[in-house]
Amino acid sequence: MTKSRRVMAVIVAALLIVAIILPGLAVKAEAAEGEGTGEAGRAAAKVTIESKDNKTLQYKPGESQKWTLVITNKTGQDLSNLSVSPDMGGENADAWPFKTDYQKYEQKIDTLKAGEKTEIFFDFVQRDDAGTRRYAIPFSVNKGDDEPIATHKLYVNTTEKPQADNSQNQGDNGNGGGSGSGSADGDAMTASVGNDEPAIYSGGGSGSGGSSSDGSVPRVIVTGFDTNPAEVHAGSDFTLTIHLKNTSKKTKVQNMLFELEAPTEGTDEQTSAPAFLPTSGSNSIYLDGIKADGTADISITLNAKADLLQKPYSINLSMKYEDSQATQIDSSSSISIPVKQDARFEFSEFEISPQTIEVGGETNVMCSLYNLGRIKLYNAKARFEGNGIKKQEIFIGNVEAGATGSIDAMLQGEKVTNGNSKITMTLSYEDESGNISETTKDFELEVTEAVDDSDMYMNTDGDAEAGSSGFPVVPVVVVIVIIAGAVAAVVFVKKKKKKQMLNEEEELLDELDRSSEDEREQP
């Protein structure tokens, strides 16, 4: 074999060896790469993040705008427990052109089947100082708490704030923060949103394959209310504050209009009117919005009709608002406000008989209780207290509205007073809740020392004077005179009859003597 043939043989052998070894090395390199990246590395190239319609959004200062992203699963297998969040730039505030209302912005996707796509969205409000420029915002798809399985940069354009911009800063319009005001004139109607910010924003969004926000409707409910003052009295003004909550965990509500409707009270067509009337003249309240899972308060000043009965009155609250996609939603709720009626009554003048009593003596005190109010007085009692008398309490009972109660007490003197002494009558009664109220009325009474009957004596003029002011002197004297006259008359008649009988006996004796003499004179 020549030298040239040997060289050719060596070259051919080398090429055959290389051809055999290179495919094996390529397979090993590919396997090593797969082992280094794992499942996340294989899925990273097959889960995509895109802006809807491949549009670059244009933001304006203070403007809230919805940014819709399309997430596509190209892994060939179902994925679950996914979350999508933007990179907010960390400490580099210049990398984030939006107002930071939350510590983290995040959207959840429960399940994303193989080959399917879903849409999610974020609501951002451009900072006033973002300027006119193009920002690259990295968005990441995470599976559970693992490292991101996909990351993609999306672009957004911002606009510098005009120098002569007189429009009102929308502030927290994106999350429902701040305050709103009533749509009518007057400061009576205001709305303020609570400041309890959550740590993570989970905005509205929809996802296929079981996403919790797919087709859901955000609900606004009434969680309670307060009144100032705490007790509402008929005929008085009060401020009603209603507490609201957005029950949706992902969707904020906005452009909210509330209207209050109170029941009509009164049987007369000329005097019937709603139980509660707004002092400003309008029953409408406007609120900018409530963030997802957020709360808000709305307030209005009302006047309670003066002739309302003491009972709870229901107010219907109608609500109209929009979700983040400007879909209008109607809802309603009701609250019940207890109304109190003040008790109103009067006393007649006291009738006291007698107005002066002795120690141990009694006097009768009477008066009437006129219930002029619209509530019933329960378990009414009258208590008499004062210097010189024994404490006395009488039970009156229940006095209906418009009725009269009678107070009749016998008071006993206990000790001597120096002239007239003040006596206090205290009236106590209960309302429907059992709360006790009291009022007082005063009068005067004199108590003197008691006088013994043995102290009676006759004065020098012969007049009988009684030791006790209560002894009937004149009737006794009259009776004695009548008895004495009757006795004298009887004695006089008897004496006259006796004298007449004696005269008749003497005449008879004289006749007998004369007849005896005549018989002796005859021969």
Side-chain angles (χ1 to χ4, degrees), residues 34 37-59 63-89 96-98 102 104-126 134-157 174-175 200-218 248-254 291-293 322-327 329:
T37 57
E39 180 184 353
R42 291 194 299 271
K46 298 181 181 180
V47 175
T48 61
I49 308 171
E50 300 173 319
S51 183
K52 187 176 182 181
D53 299 328
N54 200 25
K55 289 183 178 180
T56 300
L57 297 185
Q58 184 78 30
Y59 275 83
E63 180 185 63
S64 174
Q65 190 173 171
K66 180 174 65 176
W67 193 347
T68 303
L69 307 181
V70 180
I71 312 300
T72 306
N73 181 6
K74 299 180 180 179
T75 63
Q77 57 183 345
D78 295 348
L79 298 177
S80 61
N81 193 20
L82 302 178
S83 64
V84 182
S85 59
D87 184 354
M88 300 172 66
W96 182 251
F98 306 116
Y102 305 90
K104 182 179 179 182
Y105 288 84
E106 184 179 72
Q107 284 282 14
K108 298 287 188 181
I109 302 176
D110 292 340
T111 302
L112 187 59
K113 293 183 178 180
E116 291 189 350
K117 62 177 66 176
T118 185
E119 293 182 359
I120 62 172
F121 62 84
F122 295 91
D123 282 313
F124 297 128
V125 180
Q126 179 187 322
R134 183 187 188 195
Y135 285 85
I137 310 295
F139 284 85
S140 299
V141 178
N142 298 274
K143 180 174 175 58
D145 297 329
D146 297 335
E147 294 294 326
I149 61 175
T151 300
H152 188 68
K153 284 185 179 181
L154 301 177
Y155 296 93
V156 64
N157 294 328
N175 62 10
I200 299 177
Y201 169 81
S202 298
S206 62
S208 62
S211 175
S212 61
S213 58
D214 186 13
S216 64
V217 178
S248 175
K249 303 296 183 182
K250 296 185 177 182
T251 306
K252 76 180 183 71
V253 292
Q254 58 194 4
K291 62 177 178 262
D293 198 30
E322 299 173 356
D323 61 12
S324 55
Q325 297 179 348
T327 302
I329 302 170

How many angstroms lie between [atom1] in [X] and [atom2] in [Y], if you round to the nearest 0.5 Å?
X	Y	atom1	atom2	value
Phe139	His152	CZ	NE2	10.5 Å
Leu154	Asn54	CG	CG	9.0 Å
Glu116	Ile71	CD	CD1	14.0 Å
Lys117	Lys74	NZ	NZ	7.5 Å
Gln126	Leu57	CD	CG	11.5 Å
Ser51	Ile137	OG	CD1	12.0 Å

Determine whether [X] and [Y] make a side-chain contact, defined as any pair of heavy atoms from C-beta on separated by less than 4.5 Å.
X	Y	value
Asn81	Asp110	no
Val47	Leu79	yes
Ile149	Leu82	yes
Val141	Ser83	no

Can you check side-chain hydrogen bond (donor to acceptor under 3.5 Å, both in side chains) on Thr151 and Ser140, steps first, answer last? CA-CA 4 Å; Thr151 300; Ser140 299; 3.2 Å; yes
Step by step, would you call Lys66 with Asp123 a salt bridge (Lys or Arg N to Asp or Glu O under 4.0 Å)? CA-CA 5 Å; Lys66 180 174 65 176; Asp123 282 313; over 6 Å; no
Is there a donor-acceptor pair closer than 3.5 Å between any side-chain N or O of [X] and the backbone N or O of [Y]?
X	Y	value
Asn157	Arg134	no
Glu50	Leu69	no
Asn73	Lys113	yes
Tyr59	Gln65	yes
Lys143	Ser80	yes
Gln254	Asp323	yes

Centroid-centroid under 6.0 Å between Tyr105 and Phe98 rings: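 No, ring centres 6.0 Å or more apart.
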What do the steps show when you test Phe121 against Lys52 for side-chain contact (heavy atoms from CB on, under 4.5 Å), and what is the final call? CA-CA 10 Å; Phe121 62 84; Lys52 187 176 182 181; over 6 Å; no
Could you check Ile329 against Val217 for side-chain contact (heavy atoms from CB on, under 4.5 Å), going step by step and ending with a plain yes or no? CA-CA 8 Å; Ile329 302 170; Val217 178; 3.6 Å; yes
I need the minimum non-hydrogen distance between Thr251 and Pro218, along with the two atoms involved.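 Result for this residue pair: CG2-CG, 4.1 Å.
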If you compare all heavy atoms of Asp78 against all heavy atoms of Ala114, which two are closest, and at what distance to 0.1 Å?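 Shortest heavy-atom separation between Asp78 and Ala114 comes out as OD1-N, 2.9 Å.
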Does Trp67 form a side-chain contact (heavy atoms from CB on, under 4.5 Å) with Phe124? I'd like the steps, not just the answer. CA-CA 8 Å; Trp67 193 347; Phe124 297 128; 3.9 Å; yes
Give the intermediate values and the outcome of side-chain contact (heavy atoms from CB on, under 4.5 Å) for residues Gln107 and Phe122. CA-CA 8 Å; Gln107 284 282 14; Phe122 295 91; 3.4 Å; yes
